[in-house]
Amino acid sequence: MSNKMWGGRFGAGPGAIMKQINQSISFDQRLYQQDIAGSKAHCAMLAATKIILQQDADKIMVGLDQVFAEIEDGNFSFSEDLEDIHMNVESRLTEILGSVAGRLHTARSRNDQVATDFKLYVREACDHIDGQLAELQMALAKKAERYADAVMPGFTHLQTAQPVTFGHHMMAYVEMFARDRSRFSDARTRMNESPLGAAALAGTSFPIDREMTAKALGFDRPTANSLDSVSDRDFALETLSAATISGVHLSRLAEEIVVWCSAGFKFISLSDAYTTGSSIMPQKRNPDAAELVRAKAGRVAASFSGLVMVMKGLPLAYSKDMQEDKEATFDALDNFSLMLAAMSGMVDDMTPDRDRLEQAAGQGFSTATDIADWLVRVLGMPFRDAHHVTGSIVALAEGQDKMLHELSLDEMQQVEKQITEDIFTVLSVQSSSQSRTSYGGTSPTNVKKMAQGWIKRLEKEGKPV
Ligand code: ARG
């Protein structure tokens with residue numbers, strides 16, 4: 001028995017502790033597909049370059065297929081004694097084939113093997129995420145098209161600022177997720193070089209063909225420096241940073257959904273599909289899915305900064321510290337994918353309340369800027385003066401507890417005698433939003449055009465399922 005205070009769990013002493021801290025099979029078993037694909041590419045190359053005999057390669061290929069089938073069918077028992085996925089697969093291959101299995105590891109190391117497997121995994125995740133982001137964009141663009149003319153308050157400092165449309169608000173996120181997609185796509189392009197053949201760290205004396213394995217695994221080319229190949233995880237960091245930034249976007253939308261669902265706002269409602277009831281307050285419908293998207297953004301960011309901390313200060317080339325790259329990355333990507341699925345579902349599911357949005361849009365003197373713009377446009381006032389006059393009109397309305405359109409022409413003329421009846425045409429929230437036709441502005445015509453343009457573009461891409 002080891003230490004009396006804390007050693008209870010480690011009854012078998014240092015050997016058991018070492019095994020537990022050293023193993024990665026409990027979490028890297030999910031790399032079996034990539035591991036076997038990498039081994040098959042390597043094996044075919046070893047035969048093509050005559051480093052091993054074709055007949056041995058044929059046997060190894062069949063053996064690898066068998067191992068793959070056993071894992072897929074759940075007939076494989078992973079062993080902690082064999083540390084990781086690479087040794088688990090190779091050991092089973094040896095059980096099946098005998099000593100010929102040992103030829104597979106010629107001109108290779110677990111260091112280039114794990115870098116390859118992990119890169120293949122992260123690359124696949126980027127592709128999957130891109131499809132999910134496209135699906136979310138589609139849900140947002142469709143909602144935007146439908147509510148292109150639903151006027152709502154636009155906020156700055158969460159104070160009512162100017163009327164915008166619900167569609168415009170949705171389209172803001174379509175743009176954010178477009179940039180997120182381009183970040184994942186940049187990361188994918190940069191990571192798409194094959195580390196296989198870098199071996200332990202120095203390359204190999206065997207006449208391997210790295211172009212061949214790179215091509216077989218869908219990489220654009222082999223990596224150019226063997227030390228770099230086995231010692232960097234920047235591809236994972238870059239992907240997690242893209243997920244962190246996109247997570248921030250998701251979290252902001254989630255926060256808005258939470259606020260919009262609350263009794264003080266009531267801008268939207270969500271169905272039972274994305275809400276839960278309270279065990280004590282029967283009237284409650286809690287936006288749990290949105291809250292969890294908001295929270296998980298923190299979790300993704302934490303995985304990113306965790307991996308940054310693992311990597312900083314590591315000397316070249318491989319260090320075992322790098323085994324800690326996987327759990328953080330898997331957890332972040334799993335959760336990010338779930339966040340995207342939940343957000344697409346919620347956007348699809350949400351029903352904006354047009355009346356409530358419009359009513360809220362008119363509060364807080366939201367069309368004050370339209371008065372100032374009218375004074376500039378019709379009376380030719382400098383904007384700064386117009387701003388001042390408008391301030392006095394707002395103060396008048398506020399003092400009488402009226403909305404701007406409820407003031408009489410007489411009252412307005414007390415502030416500025418040149419004001420005419422025509423000013424009332426700009427005081428409604430509709431006319432305010434309709435007037436903002438500048439490129440990228442909130443006018444319903446603009447929003448509809450943007451939404452339809454995106455829908456067409458996304459349909460053409462054919463990404464959303
Ligand atoms: N399981 C290890 C990892 O995930 C594989 C590489 C091990 N290499 C070594 N030299 N011990 O990083």
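Atoms within a ligand are numbered from 1 in the order they appear, just like the ligands themselves. We're numbering straight along the sequence, starting at 1.
Between W454 and F177, the distance separating the two ring centers is not shorter than 6.0 angstrom. Taking the ring centroids of F336 and F184, they lie under the 6.0 Å cut-off. Centroid-to-centroid, the aromatic rings of F118 and F235 come within less than 6.0 Å.
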Between ligand 1 and the protein, find all N/O pairs closer than 3.5 Å and give the distance for each.
residue, atom, partner, partner atom, Å
ligand 1, 1 (N), S24, OG, 3.2
ligand 1, 1 (N), D84, OD2, 3.0
ligand 1, 1 (N), Q323, OE1, 2.8
ligand 1, 4 (O), K326, NZ, 2.5
ligand 1, 8 (N), N111, OD1, 2.9
ligand 1, 10 (N), N111, OD1, 3.1
ligand 1, 12 (O), Y318, OH, 2.4

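Looking only at atom types and distance, the side chain of T223 has a donor-acceptor partner in the side chain of R210 under 3.5 Å away. Judged by distance alone, the side chains of S432 and Q162 never bring a donor and an acceptor atom under 3.5 Å apart. The closest side-chain donor-acceptor pair between T49 and D209, if any, does not fall under 3.5 angstrom.
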